[in-house]
Amino acid sequence: MPALSPQAPPDRLTQHPSSPQDSATCDRHYKTLDTTLKRNHYQPDALIEVLHKAQESFGYLEDEVLLYIARQLKQPLSRVYGVASFYHLFSLKPSGIHNCVVCLGTACYVKGARQILDRLELELAIKVGETTSDGQISLLSARCLGACGLAPAAVFDGEVGGKLTAEDALARLQALTIND
Amino acid sequence: MGGYEPLYHALYELSSAAVIEEITKSGLRGRGGGGYPTGLKWATVAKMPGKQKYVICNADEGDPGAFMDRSVLESDPHRVLEGMAIAGYAIGANHGFIYVRAEYPLAIQRLTKAIQQAKKYGLLGSQIFESGFDFKIDIRIGAGAFVCGEETALIHSIEGGRGNPRPRPPYPAEVGLWGCPTLINNVETYANITPIIRKGAEWYSSIGTAGSKGTKVFALTGKVQHTGLVEVPMGTTLRQIVEEMGGGVAEGRVKAVQTGGPSGGCIPAVFFDTPVDYESLQQLGTMMGSGGMIVMDDATSMVEIAQFYMDFCRGESCGKCVPCRAGTVQLHEMLTKIVNHQATETDIEQMEALCQMVKEMSLCGLGQSAPNPVLSTLRYFKEEYLARLRPEVETFATAKD
Ligand SMILES: Cc1cc2nc3c(=O)[nH]c(=O)nc-3n(C[C@H](O)[C@H](O)[C@H](O)COP(=O)(O)O)c2cc1C
Ligand code: SF4
Ligand code: FES
């Protein structure tokens with residue numbers, strides 16, 4: 001295998017993607033990404049970890065970011081895109097400011113999680129996987145949060161709520177947007 | 001409680017072969033679902049030629065409704081690390097990976113910390129306990145794909161690729177991570193190693209039934225009164241688990257228990273006196289699986305449960321082979337038709353035939369077992385399917401009665 005020179009000068013300054021975010025924040029995100037790349041010695045098998053980091057910093061995986069990662073890891077874009085689109089947790093679209101992940105695992109399903117989700121879809125006027133038109137809330141679903149004892153469960157901005165009713169869920173959503 | 005003593009004991013007082021012998025004698029079988037004899041798997045990897053070998057811990061725990069592995073990882077991560085190190089010593093590997101699902105941030109955090117602690121005290125790293133044995137462990141984090149629990153898919157994911165399974169053989173024991181012989185076991189399997197080394201195979205095999213040794217942790221959830229984890233000796237009856245430990249359902253009657261997740265099946269209440277072990281569950285048309293046990297009462301529609309699991313498999317199919325990719329979509333459509341009272345008896349027959357085809361022709365375990373929830377509910381709750389047929393057929397059926 002040819003040596004993957006970790007010292008290769010980062011060419012990101014010349015190919016800096018235009019991004020909707022202001023350039024200072026964007027620069028910082030790229031810096032975080034560079035640190036992760038370096039720590040993994042630019043090895044292609046670190047792709048998933050790098051994608052995790054990128055999504056954490058940028059919020060989602062926009063095309064420019066994928067292109068940048070492909071260049072840095074010296075991998076074809078098709079491979080990077082192929083991996084990014086394979087895994088459910090990677091999002092190729094921007095998400096809302098807040099998110100609500102309703103668990104649709106079996107234990108939650110049996111306890112009526114689908115009905116809760118139906119109700120949220122109705123109230124927010126979006127389908128699961130979408131973001132409200134004002135960009136406030138993304139509604140997502142998960143296969144199991146490992147909190148099955150608390151079924152039906154959902155995560156509101158990273159905080160688990162258990163033994164929910166549709167009303168509880170709606171109230172939690174309201175609380176999220178009010179606290180802004 | 002004597003942390004890392006079994007590792008010390010193994011390194012200084014047992015040969016690699018003796019460790020494998022002990023695990024074999026204990027009768028321990030894989031807790032990840034398949035129930036493959038652990039000692040035999042270790043022996044196979046140990047025999048493989050080649051200097052570089054790997055140990056992998058499968059902590060993907062994808063079965064929805066199961067959280068046994070999560071609890072071990074969060075409460076006693078060292079026990080898993082130690083089990084992996086003993087496995088490394090036994091098979092001749094000096095590098096291990098734990099593949100954890102990203103949905104378990106706390107488990108990842110605790111594992112990371114445990115690895116740091118172990119390194120600091122020389123329990124992992126080079127020359128463990130000043131012996132000639134080196135062993136390091138790295139964490140790899142999943143990204144939300146159920147199929148990555150399948151061993152060959154998991155290997156592809158650790159390598160940084162898409163989690164597509166590949167045909168076996170060759171098994172990972174022969175051609176695994178980066179082409180090297182690789183041992184893959186489940187979290188709970190590794191958690192069983194230290195007690196066996198500490199107390200001996202004889203002690204371990206005195207617990208359980210003839211074919212299934214030791215204890216098993218189940219995640220008891222659904223309509224049961226006391227949800228949570230229970231650890232019971234193999235051979236405990238479903239009734240003891242669901243009714244005594246779980247307290248039954250609050251109102252009405254327990255109808256069935258689902259085990260084995262999307263690959264398993266439902267066991268109706270009439271079979272609750274069955275002792276839980278690998279073989280008897282298989283005979284009932286389900287499987288031990290990783291340990292999820294979802295209790296259902298009369299309010300749960302079995303047809304909808306079958307539809308739910310098929311929706312799951314449809315969404316999680318990696319798309320590599322046609323019987324699974326297209327078959328799960330078709331089966332889901334047929335089940336939806338039944339749920340919506342639009343199907344006839346012919347549709348049910350066709351659905352059964354398609355189930356057989358998907359089972360026999362899919363490439364990996366996901367597709368091969370995707371029809372199980374349908375077949376098992378058809379076997380025990382056919383009347384619920386018939387009751388959902390197109391209205392005129394229903395009238396015909398009632399007229400005949
Ligand atoms: C679709 C699919 C998903 C699986 N998911 C898991 C899982 O989440 N955890 C696990 O330990 N094994 C899982 N397995 C089983 C593994 O492929 C493998 O048999 C197991 O990790 C071996 O460990 P054991 O011998 O200790 O049971 C899965 C298998 C299939 C086909
Ligand atoms: S059976 Fe399904 S999950 Fe398995 S390889 Fe085929 S398409 Fe992929
Ligand atoms: S099924 Fe919802 S948390 Fe496990």
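Every chain is numbered from 1, with letters handed out A, B, ... down the list of sequences.
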Legend entry - Exercise: identify the closest heavy-atom pair between B:Ala143 and A:Ile48: CB-CG2, 4.4 Å
Legend entry - Winner by heavy-atom pair count (cut-off under 4.5 Å) against chain A, out of B:Gly163, B:Gly228, B:Ala299: B:Gly163
Inset, instruction - Below 4.5 Å from any heavy atom of chain A, which atoms of B:Val147 appear? Answer side chain, backbone, both or neither. - result: side chain
Legend entry - Heavy-atom proximity to chain A below 4.5 Å, by part of B:Ala66: backbone
Legend entry - Minimum-distance pair of heavy atoms, taken over all atoms of A:Ala107 and B:Gly222: CB-N, 4.4 Å
Inset, instruction - Go through the structure and list residues passing ring-ring contact (aromatic ring centres under 6.0 Å, His included) with B:Phe218, not counting sequence neighbours. - result: none
Legend entry - Shortest non-hydrogen separation from B:Phe67 to A:Cys148 and the atoms involved: CD2-SG, 3.4 Å
Legend entry - For A:Leu89 against B:Ala102, the heavy-atom pair lying closest together: CD1-CB, 3.5 Å
Inset, instruction - Name the option with the most non-hydrogen atom pairs under 4.5 Å to chain B; the candidates are A:Cys103, A:Ala151, A:Gly82. - result: A:Gly82
Inset, instruction - Could you tell me which of A:Val155, A:Leu47, A:Val83, A:Val80 has the largest number of non-hydrogen atom pairs under 4.5 Å with chain B? - result: A:Val83
Legend entry - Best-contacting candidate, B:Gly160, B:Pro105, B:Gly62, against chain A by heavy atom pairs under 4.5 angstrom: B:Gly160
Legend entry - B:Phe146 side, atom CZ; A:Cys144 side, atom SG - distance, nearest 0.5 Å: 11.0 Å
Legend entry - chain A contact via B:Ile158 - which portion, at a heavy-atom distance below 4.5 Å: backbone
Legend entry - Minimum-distance pair of heavy atoms, taken over all atoms of B:Pro64 and A:Gly105: CB-CA, 3.7 Å
Legend entry - For chain B, the option from A:Leu104, A:Val110, A:Leu150, A:Leu145 that forms the most heavy-atom pairs under 4.5 Å: A:Val110
Legend entry - From SG (A:Cys108) to CD1 (B:Ile294), nearest 0.5 Å: 9.5 Å
Please report all inter-chain donor-acceptor pairs (under 3.5 Å) between chain B and chain A, with distances to 0.1 Å.
{"residue": "B:Pro64", "atom": "O", "partner": "A:Thr106", "partner atom": "OG1", "Å": "3.3"}
{"residue": "B:Arg70", "atom": "NH1", "partner": "A:Leu145", "partner atom": "O", "Å": "3.2"}
{"residue": "B:Arg70", "atom": "NH1", "partner": "A:Gly146", "partner atom": "O", "Å": "2.8"}
{"residue": "B:Arg101", "atom": "NH1", "partner": "A:Cys144", "partner atom": "O", "Å": "3.3"}
{"residue": "B:Gly142", "atom": "O", "partner": "A:His52", "partner atom": "NE2", "Å": "2.7"}
{"residue": "B:Ala143", "atom": "O", "partner": "A:His88", "partner atom": "N", "Å": "3.4"}
{"residue": "B:Ala143", "atom": "O", "partner": "A:Leu89", "partner atom": "N", "Å": "3.0"}
{"residue": "B:Gly144", "atom": "O", "partner": "A:His88", "partner atom": "N", "Å": "3.1"}
{"residue": "B:Ser157", "atom": "OG", "partner": "A:Tyr87", "partner atom": "OH", "Å": "2.9"}
{"residue": "B:Gly160", "atom": "O", "partner": "A:Arg79", "partner atom": "NH2", "Å": "2.8"}
{"residue": "B:Gly161", "atom": "O", "partner": "A:Tyr87", "partner atom": "OH", "Å": "2.7"}
{"residue": "B:Arg162", "atom": "NH1", "partner": "A:Gly82", "partner atom": "O", "Å": "2.8"}
{"residue": "B:Gly163", "atom": "N", "partner": "A:Tyr87", "partner atom": "OH", "Å": "3.3"}
{"residue": "B:Thr227", "atom": "OG1", "partner": "A:Gly149", "partner atom": "O", "Å": "3.2"}
{"residue": "B:Tyr309", "atom": "OH", "partner": "A:Thr106", "partner atom": "OG1", "Å": "3.3"}
{"residue": "B:Glu316", "atom": "OE1", "partner": "A:His88", "partner atom": "NE2", "Å": "3.1"}
{"residue": "B:Glu316", "atom": "OE2", "partner": "A:His88", "partner atom": "NE2", "Å": "3.1"}
{"residue": "B:Glu316", "atom": "OE2", "partner": "A:Arg143", "partner atom": "NE", "Å": "2.9"}

